[in-house]
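Each remark here refers to the structure printed beneath this line.
Numbering of ligands and ligand atoms starts at 1, following listing order.
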Amino acid sequence: MVAFPEVSKIQYEGPDSKNPLAFRYYNPDEVVEGKTMKEHLRFSCAFWHTMRMNGADPFGAPTMLRPWDDGSDSIENAQKRVRVFFEFLEKTGLQYYAFHDRDVAPEGKTFAESCKNLDEVVKIFKEESERTGITMLWGTANLFGNPRFMHGAATSCNADAFAYAAAQVKKALEVSMELKAQGYTFWGGREGYQCIWNTNMKRETEHLAAFMHMAVDYAKEIGFTGQFYFEPKPKEPTKHQYDFDCAACINFLRAYGLDKDVKMNIETNHATLAGHNVEHEMEYAASQGFLGSVDANAGDMLLGWDTDQFPTDVYMTTKMMYVLLKYGGFTTGGLNFDAKVRRESFEPLDLFYAHIGGMDAFAKGLKNAAAMRASGEFDALLKERYASWDSGVGAEIEAGKHTFKTLFDYMMNKGEITPNASGRQELVENMFNRFMF
Ligand code: XLS
Ligand code: NI
Ligand code: NI
């Protein structure tokens with residue numbers, strides 16, 4: 001069966017191409033800063049959005065036209081979706097994929113049946129992965145969709161929900177290992193709360209930590225060497241999510257001794273929901289040694305929720321790639337398009353346009369960022385701005401040679417300080433624009 005007969009493998013045609021089914025910037029083997037684009041960008045496709053989003057919203061029925069999908073919960077249908085998925089990945093040149101256990105296989109009547117269903121579908125993933133060389137970026141478990149998780153999973157007030165979630169993650173780790181996943185992601189799902197009066201926050205937070213420790217321990221036990229990630233999101237579905245932003249997550253990981261085993265998976269639209277932007281979150285995580293992977297998407301400035309749109313804003317991708325290059329790039333992580341086509345973009349072809357656009361936006365961002373770095377202008381500006389720390393009292397403070405007492409004497413002697421460096425924000429923003437147009 002061929003699901004997309006009208007599309008052949010997407011090729012790089014260069015910036016002048018007007019072919020909507022070609023790359024203008026993503027040239028997989030082109031070398032940038034010593035690595036190919038493919039090695040830098042490590043594009044991944046989210047099964048839940050690409051294969052399972054049907055376009056339904058709280059006000060309307062499904063809209064998506066997916067001729068290969070009979071809409072049933074049968075194993076055959078689930079298996080067929082996987083074949084279609086790999087045809088899509090191959091044609092777009094996406095190297096990795098990610099899924100939640102329940103995206104790919106239907107839930108059974110019992111937990112045992114759900115595990116069996118999953119195995120039936122994972123078989124096909126394995127086959128297709130061996131055929132194509134396309135592998136799993138990270139695995140995860142859906143611990144939020146089923147009503148049993150209405151109060152959360154690891155942070156539920158119901159101990160059985162915790163136990164169920166633990167069993168589910170055990171299985172998901174085994175599956176991830178079988179599919180050679182390079183990571184495993186914890187996104188909070190419903191790990192948060194709505195009302196302080198019915199919530200024991202301390203207990204819930206400790207349970208979440210215990211849960212993550214169990215996952216780390218089990219991974220070690222079975223020899224799963226993938227990197228664990230924690231994905232921040234400040235709200236939605238609950239009002240207060242415990243994994244609010246990178247700072248909150250990193251604090252949690254350090255407080256509970258998980259900092260050696262878990263890094264961050266940063267999602268653009270979650271960063272903006274937290275009142276940050278993605279480059280802030282990436283810089284914060286990276287500077288603390290926690291940059292793991294990225295869920296690439298975009299929000300809408302005028303909407304206050306997780307719209308999960310495809311990223312096309314090259315200003316944004318340039319900033320993201322600048323941080324990434326600065327910190328040496330991905331190791332196990334990648335750019336996972338946690339993004340969905342709009343409800344009105346209901347034809348299969350729209351899935352191609354969406355991913356091509358996202359891939360091109362990041363490829364152009366990568367080239368821009370590399371050019372910015374090669375110019376040395378941004379480094380020079382920073383060097384100059386912080387010059388007072390390179391000699392004299394600044395260098396002494398950084399070397400740990402001062403105390404409040406010695407600095408008191410220093411100021412008594414000096415009397416007053418003079419402002420020494422303009423922020424030059426307007427200049428630097430203009431400089432940035434020079435690399436954009
Ligand atoms: C939801 C999250 C989710 C995670 C994986 O907002 O982005 O899709 O990436 O559970
Ligand atoms: Ni995500
Ligand atoms: Ni999201």
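Scanning the protein for heavy atoms near atom 8 (O) of ligand 1, the closest one is D338 OD2, 3.1 Å. Considering only non-hydrogen protein atoms, atom 6 (O) of ligand 1 sits nearest to K233 NZ, 2.8 Å.
The angle D338:OD2 - the Ni ion (ligand 2) - D295:OD2 amounts to 90°, with values rounded to 10 degrees. The Ni ion (ligand 3) lies at the vertex of an angle of 80° between the OE2 atom of E267 and the NE2 atom of H270 (rounded to 10°).
The shell of residues lying under 4.0 angstrom from ligand 1, judged by heavy atoms, includes D295. Using a 4.0 Å heavy-atom cutoff, E236 is absent from the residues neighbouring ligand 1.
For K171 and D119, the salt-bridge test passes: some basic side-chain N is under 4.0 Å from an acidic carboxylate O. In this structure, K116 does not pair ionically with E120, as no charged nitrogen and carboxylate oxygen lie closer than 4.0 Å. Salt-bridge annotation for K319 and E283: absent, with no side-chain N of the basic residue lying under 4.0 Å from a carboxylate O of the acidic one.
In this structure, F99 and F125 have tilted ring planes: the angle between them lies in the 30° to 60° band. Note: F378 and F432 have perpendicular aromatic rings, judged against thresholds of 30 and 60 degrees for the angle between ring planes. Between F23 and Y26, the ring-plane angle classifies as perpendicular under the 30° and 60° cut-offs.
Taking the N/O/S atoms of E231 in turn, the shortest distance to the Ni ion (ligand 2) belongs to OE2. In terms of distance to the Ni ion (ligand 3), the nearest N, O or S atom of D306 is named OD2.
Close approach of ligand 1 to D306 (heavy-atom distance below 4.0 Å) involves ligand atoms 6 (O). When each atom of ligand 1 is checked for a heavy atom of H100 under 4.0 Å away, the hits are 5 (C), 10 (O). Of all the atoms in ligand 1, the ones that sit under 4.0 Å from a non-hydrogen atom of E231 are 2 (C), 3 (C), 4 (C), 7 (O), 9 (O).
Contact annotation: for E267 versus ligand 1, heavy atoms closer than 4.0 Å belong to the side chain alone.
Of the candidates R83, K80, R81, R83 is the only one forming a salt bridge (charged side-chain N to carboxylate O under 4.0 Å, His left out) with E128. Among Q309, E267, H49, the single residue meeting the side chain to side chain donor-acceptor pair (under 3.5 Å) criterion with N297 is E267.
In terms of polar-atom proximity, W187 is not counted as a contact of ligand 1, lacking any N or O under 3.5 Å from an N or O of the ligand.
S129 places no side-chain N or O within 3.5 Å of a backbone atom of K126 that could act as its donor or acceptor partner.
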